[in-house]
Structure formats: structure tokens, C-alpha cells
S.K.: 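This is the structure I have questions about; it appears just below.
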Protein chains: 2
Amino acid sequence: MNIGIASEKSGLPSKTIRYYEDIGLLRPARTENGYRDYSADDIHRLRFLQRSRSLGFSVDECRQLLSLYQDRDRDSADVKAIAKAKLVEIDRKIAELVGLRGLLHHLVEHCHGDERPDCPIIDELAGEGLVQ
Amino acid sequence: MNIGIASEKSGLPSKTIRYYEDIGLLRPARTENGYRDYSADDIHRLRFLQRSRSLGFSVDECRQLLSLYQDRDRDSADVKAIAKAKLVEIDRKIAELVGLRGLLHHLVEHCHGDERPDCPIIDELAGEGLVQ
DNA sequence: GTAAACCTTCCTGTAGCTAGAAGGTCAACC
DNA sequence: GGTTGACCTTCTAGCTACAGGAAGGTTTAC
């Protein structure tokens, strides 16, 4: 299977697939003419990568997950640990964004938004606003 | 004022301050010996940058905000527009993370997390789980 | 005099790709 | 047989927003 088909089937751009090969995530066979030749198993791995990346795992975490995926003797505990750590991180990010959203929303609400130069947003950024 | 002091007063690492100069965000004076020499106004600008960056504005947005900050004739509408766009973006990110969190949480809950190889997280990533 | 603590510039590396150049290959059509 | 277009290859460079470190100059304190 050429890379174009592999791209279609996995949902990953060809460029990304080549990049994943560069960094050693998978090594497809090559045909006589030097083209990459993807097996059905390779496609599974690519889809696995696509899904785990879209779930917010870093490429390095994906590397771990992929090796667990391919390891018939894996412990589910290993996988759960990675997923739980990621969950904590996501919670932290959400909390941070929600805080940020609150502050920004407050500022937008109090900005009259006309042609006058007074602006509480700028004042806040300059350290002169109500919110320290 | 040397860069070390400017760093302390602004809360930005020296490396970052030099970087901001590289990309043209501010141009401090230089003393005879070639050292950067920061004025009180420069410190205000640096603090402004530190605050707007920590509020999630990109460096390019900060560049716009900074020029509005320094523009005595600015319209508050311009500032509000940037802030509102950023708010929409933050909302989108939060929604995405919340969805992701739900999925991951579901998977973690259903993984027994022991030494057995069965793992619904891996199954999901492989495309064999309940969730498409 | 010298050692520590600054400062300078410049180069490299990070994550996770994306864009583009220069060129080889393959299938279809005239 | 020639040509066109869609593939494929490798290589290089660029993106964001810095951080780390090398090599060397300056200032301050003892």
C-alpha cells in the first residue's frame, strides 16, 4: 500500500506519516522502486497513533502506548497509569483556562468598546486595573 | 538598569527579554560598555508583556496590544476586539479539553488496572472499543 | 590580583509537524 | 513514442516561544 492510501486509511497526512517514521515510530517495508509499502498491521498502528494523538497524548506517550499495544504480555495497570497522569494534566489545563476565561470575560464586559481611548483591558495589562 | 534587574522587576527571564528585543518588541538603550539599559518605561512595557502573555495572548497579539497601549489615540474597540477573539478561542479550547477529559475518564474507569493484558484503553485506541 | 557575578553575542535544540524544492516513477491518453 | 499529471522520494527550512550553553568581555568585592 502506498503512503497516499495509508494516509487516507489512517487519517494522517503523508507528511506526518513520514515524520513518524523519521522518529522511529514505525518502519514500513519498501517496494523495489523505493516507495514505502504499508501492511494492514501498519495501518492499525497508524490509526492507533492518530487516535492517541487526538486524545492529547504526546508523541512520546504514544510511543509508550504503541509498544504496550504491541506487547501481548502487557499489564493493563501500565496503560492506566499513563492515562491517569494525562487526565490530571488535562484537569489542570482546564482549570487554568477557566480562570483565564473568567478574567478576560470580566475585562471584556467592562470595556465600553467604542472610539474612546479609555480601556480597562489595557489598564489591567498595564497593572493599573482593579484586578491585580 | 541592567537586564538582571529588569528581569526581577518584570518577572520575565533575561533570555525572554533578549528574545523580545530580537523580535522587535522593545529597544532599550545601551550603556557605554554595551550593556542593555532599561528605563522605568521599559519595565512597564515588560510587565505589560508578561501579563498579556500569561493571559494567553500570543506574542503577535501582544505586539498589537502593546502598540495600542502606547497609542494615546487608540479606540477601546480595537482592544476589545482582540480580547473577544481570544475569549472565543479559549472557550473552544475548554470545550475540546472537557470532551477529551470525559472520554479519557470513561476509559480509565473501565480499565481494571491490574496485571492482566486486557485493557479497554488500548482497545479504544486501536479502534475496537465501545466508543467509535 | 583574582574570583564571582554579571553582561555580551551566537549557535543549537525543543515539539510536532508543514511547506517547498528538485527529482524519480507510473498509468493513461494521443 | 511522447507527454501530462498524479504519485512518490529525499532534503532543507520554517513555524512558536523560548531555553541551554559556549566563549568571551566587564564590574565588583575581597
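Below, chains carry the letters A, B, ... as their sequence lines are ordered, and counting in each starts from 1.
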S.K.: From CG of A:Asp37 over to P of D:dC7, roughly how many Å is that when rounded to an integer?
M.R.: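 Nearest whole value for this atom pair: 17 Å.
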S.K.: Does one hydrophobic cluster hold both A:Tyr19 and A:Phe57, with members joined at side-chain heavy-atom distances below 4.5 Å?
M.R.: yes
S.K.: Taking NZ, NE, NH1 and NH2 as the nitrogens, is one of them in A:Arg30 or A:Asp37 under 4.0 Å from a carboxylate oxygen of the other?
M.R.: no
S.K.: Check for a donor-acceptor pair, side chain of B:His110 on one end and backbone N or O of B:His106 on the other, with a separation under 3.5 Å.
M.R.: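 Checking the backbone N and O of B:His106 against the side chain of B:His110, a donor-acceptor pair under 3.5 Å is found.
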S.K.: Would you kindly give the CD1-to-C1' distance between A:Ile3 and D:dA6, to the nearest whole Å?
M.R.: 15 Å
S.K.: Is it the case that C:dG16 (base atoms only) and A:Tyr20 (side chain only) share a donor and an acceptor within less than 3.5 Å, ignoring hydrogens and angles?
M.R.: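 No, the side chain and the base share no sub-3.5 Å donor-acceptor pair.
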S.K.: May I have the distance from B:Ile17 (atom CD1) to C:dT8 (atom C1'), rounded to whole angstrom?
M.R.: 15 Å
S.K.: Between the main-chain N or O of A:Lys9 and the side-chain N or O of A:Arg47, is there a donor-acceptor pair closer than 3.5 Å?
M.R.: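 The answer is yes, because a donor-acceptor pair under 3.5 Å joins these two groups.
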S.K.: I want to verify a distance call: between D:dC18, D:dT26, D:dT9, whose nearest atom is closest to the A:Tyr35 side chain?
M.R.: D:dT9
S.K.: Report the distance from atom CZ of B:Arg18 to atom P of D:dA17, rounded to the nearest whole Å.
M.R.: 20 Å
S.K.: Distance check needed: D:dT16 P versus B:Leu25 CG, whole Å only.
M.R.: 12 Å
S.K.: Between B:Asn33 and B:Arg53, which residue's closest nucleotide on DNA chain D lies nearer the 5′ terminus?
M.R.: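 Upstream on the strand: B:Arg53.
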S.K.: How many Å lie between CG on A:Leu49 and C1' on C:dC17, as a whole number?
M.R.: 14 Å
S.K.: Under 4.0 Å: is that the gap between some side-chain N or O of B:Arg36 and OP1 or OP2 of C:dC7?
M.R.: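 No.
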S.K.: Hey, does A:Ser58 reach any base, or is it just sugar-phosphate, or nothing, if we go heavy atoms under 4.0 Å?
M.R.: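 Sugar-phosphate contact only - A:Ser58 comes under 4.0 Å of backbone atoms but never of a base.
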S.K.: In whole angstrom, what separates B:Lys15's NZ from C:dG13's C1'?
M.R.: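 That distance rounds to 12 Å.
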S.K.: Taking 4.0 angstrom as the limit, do A:Glu89 and A:Lys86 come out as a salt bridge?
M.R.: yes
S.K.: So, is B:Thr16 close to the D:dA19 phosphate, meaning a side-chain N or O under 4.0 Å from OP1 or OP2?
M.R.: yes
S.K.: What nucleotide among D:dT9, C:dT18, D:dA19 has an atom nearest to a side-chain atom of A:Arg30?
M.R.: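 So the side chain of A:Arg30 is nearest to D:dT9.
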S.K.: A:Tyr19 has an atom OH; how far is it from atom P of D:dA13, in whole Å?
M.R.: 18 Å
